[in-house]
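Take a look at the structure set out below.
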Amino acid sequence: MSLVVQKYGGSSVADAESIRRVARRIVETKRTGVDVAVVVSAMGDSTDELLDLATQVSPHPAEREMDMLLTAGERISMALLAMAIHDQGEEARSYTGSQAGMLTTASHGRAQIIGVTPGRLQRAISEGAIPVLAGFQGVSPDTKDVTTLGRGGSDTTAVALAAAMGADVCEIYTDVDGVFTSDPRSVPLARPLKAVTYEEMLELAAAGAKVLHLRCVEYARRTDLPIHVRSSFSDREGTWVLSADAVAALVERGEMEEPIISGVAHDLTEAKLTVVGVPDRPGEAASIFEVISSVGANIDMIVQNVSTAGRTDITLTLGGSDAQAAMAALREAQPSIGFADIVYDPGVAKVTLVGAGMRRHPGVSATFFRALAEAGVNVEMISTSEIRISVVCRADDAPRAVAALHTAFGLDADTEAVVYAGTGR
Ligand code: ASP
Ligand code: MG
């Protein structure tokens, strides 16, 4: 029989009424004659509320205890959802990540899934029950401790489960009708996409699009698992995330237009660091990046200036939350590396255009930079891939830059997108 994994995000299960509505949807799916397994996130903004609470108790909460605390959020929603499903006449059994065999590395707050042994879930299904799995969590086989996968990690739980159980599709239910050409919360004329390739979705997720967790897309691509992103508040078909071949087949059959640009995203979470006056000789860049990597900071863009008088500047962007640790480590290494100074700039944004059609269509860069120029946006850094152009600009300019690009590439819809729920937190 075919198996569907359905994942419901926090805004879809924000209160008792929403949980009953979601339960109805799950029960209806099961009664069409397919097997269903469910992954659920914590209710509404409750993960943020638990985080706030933790920092009131301790400014730097112990990581192990933080994971214990945060996993409680999903434990509440899974049990309530199972109760609501029961109430509608189907059997449901909830499982924590550890009960469901979600095995992860031991690193708290950013654990990686290393294996899934969903025997109990499979047994539940074979006995006619609907398993409901807590998203975002697992257990380390080494430490036996409970772990979390990083914010938004329930998407990754769902795709990992779907892959391990051989599901036909992983449905990700959210508060908008799929993946849009831009975040409909900030660009009201954003359009829903019929389909995007894994590659485009990876670029969009890395560019700050919050609709899907980056690692879930990587996982789906690796296992060629179709993801269907849709709203739990409507019956509309959402966006399919598929292989490039599968998207090409949709175009071939006339089910969608050949896409050139799939979207514009922005990210306000990065900071810019400039290491000034680096001696221009082999090994300097290596030393700098080794120091930054030693604190586990993830670097995004890198630019090196033309050198003058035997010295150069290296500018990079990295996750804002990693910036302080990276700077402290660099300052400590300053005497041995021999650069002159570090300049820290948190007031930046990254604005990104993504589209697989860039490969074939000339003139995309010209339109891109003309649109930014006409919007009065100054570009500080540029980076590209085959299917992406990203720039760093002032954070205040980001909304204007995104709107200008959305219009310049003909992405504006005729009507405003619907945002059904959620605070976008
Ligand atoms: N509840 C977790 C979070 O808010 C995981 C998730 O929603 O996917 O980040
Ligand atoms: Mg959440």
Side-chain angles (χ1 to χ4, degrees), residues 5-15 18-19 22 37-55 61 63 65-81 94-98 100 102 104 107-113 116 132-139 146-163 170-176 179 183 185 201 205-206 208-220 227-233 241 267 269 319-321 419-425:
V5 170
Q6 297 189 330
K7 179 259 169 177
Y8 291 92
S11 55
S12 295
V13 292
D15 51 32
S18 309
I19 291 175
V22 162
V38 177
V39 173
V40 70
S41 292
M43 294 170 69
D45 288 334
S46 61
T47 304
D48 292 287
E49 285 152 17
L50 291 172
L51 270 167
D52 291 348
L53 195 57
T55 47
E63 288 183 323
E65 304 314 323
M66 189 59 120
D67 276 355
M68 274 303 205
L69 179 71
L70 294 188
T71 50
E74 271 72 12
R75 216 169 153 137
I76 292 171
S77 53
M78 74 178 195
L80 291 171
L81 184 55
S94 64
Y95 300 93
T96 63
S98 122
M102 275 290 156
T104 72
S107 57
H108 288 294
R110 54 171 83 175
Q112 307 264 356
I113 296 173
V116 185
V132 180
L133 167 60
F136 165 68
Q137 56 180 268
V139 64
V146 163
T147 56
T148 62
L149 308 180
R151 297 305 308 274
S154 298
D155 293 345
T156 300
T157 305
V159 170
L161 181 69
C170 182
E171 296 183 335
I172 305 266
Y173 284 91
T174 178
D175 46 22
V176 291
V179 180
D183 183 349
R185 287 195 161 79
M201 198 63 234
K210 281 181 257 148
V211 61
L212 282 181
H213 199 225
L214 177 68
R215 273 155 52 201
C216 110
V217 187
E218 284 170 348
Y219 218 109
I227 302 180
H228 186 188
V229 184
R230 56 193 307 193
S231 168
S232 67
F233 298 83
V241 186
D267 186 348
T269 65
S321 53
V419 176
Y420 296 95
T423 57
R425 198 173 164 182

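In listed order, ligands and their atoms are each counted from 1. Computation of the quantities below employed the complete heavy-atom set of this structure, encompassing side-chain atoms and omitting hydrogens, waters and symmetry-equivalent molecules.
- Ligand-side atoms of ligand 1 in range of S154: 5 (C), 6 (C), 8 (O), range being under 4.0 angstrom from any heavy atom.
- Between G150 and ligand 1, a contact under 3.5 Å exists for no N or O pair.
- Heavy-atom separations between H213 and ligand 1 are all 4.0 Å or longer.
- Side-chain N/O atoms of D67 and T147 include no donor and acceptor closer than 3.5 Å.
- A salt bridge between K210 and D155 is absent, with no side-chain N of the basic residue lying under 4.0 Å from a carboxylate O of the acidic one.
- Counting atoms of ligand 1 from 1 in the listed order, those under 4.0 Å from a heavy atom of F136 are 2 (C), 5 (C).
- Taking every non-hydrogen atom of G152 and a distance limit under 4.0 Å, the qualifying atoms of ligand 1 come out as 3 (C), 5 (C), 6 (C), 8 (O), 9 (O).
- Close to ligand 1: G153, with a non-hydrogen atom less than 4.0 angstrom away.
- Close contacts between ligand 1 and R151 involve ligand atoms 3 (C), 4 (O), 9 (O) [criterion: under 4.0 Å to a heavy atom].
- Per-residue contacts place S41 under 4.0 angstrom from the following atoms of ligand 1 (heavy atoms of the residue considered): 6 (C), 7 (O), 8 (O).
- Ligand 1 has no atom lying under 4.0 Å from any heavy atom of G73.
- The only option from S12, S231, S232, S11 that meets the side chain to side chain contact (heavy atoms under 4.5 Å, CB included) definition with Y420 turns out to be S231.
- Checking side-chain atoms of S94 against main-chain N and O of V132 turns up no donor-acceptor pair under 3.5 Å.
- For E74, a nitrogen or oxygen atom sits less than 3.5 Å from a nitrogen or oxygen atom of ligand 1, counting backbone and side chain alike.
- In terms of modelled atom types and a separation under 3.5 Å, the side chain of R215 and the main chain of G150 share no donor-acceptor contact.
- No donor-acceptor distance shorter than 3.5 angstrom exists from the side chain of T269 to the backbone of G319, with no hydrogens or angles considered.
- A distance-only check finds no donor-acceptor pair linking the side chain of T104 to the backbone of I113 [under 3.5 Å].
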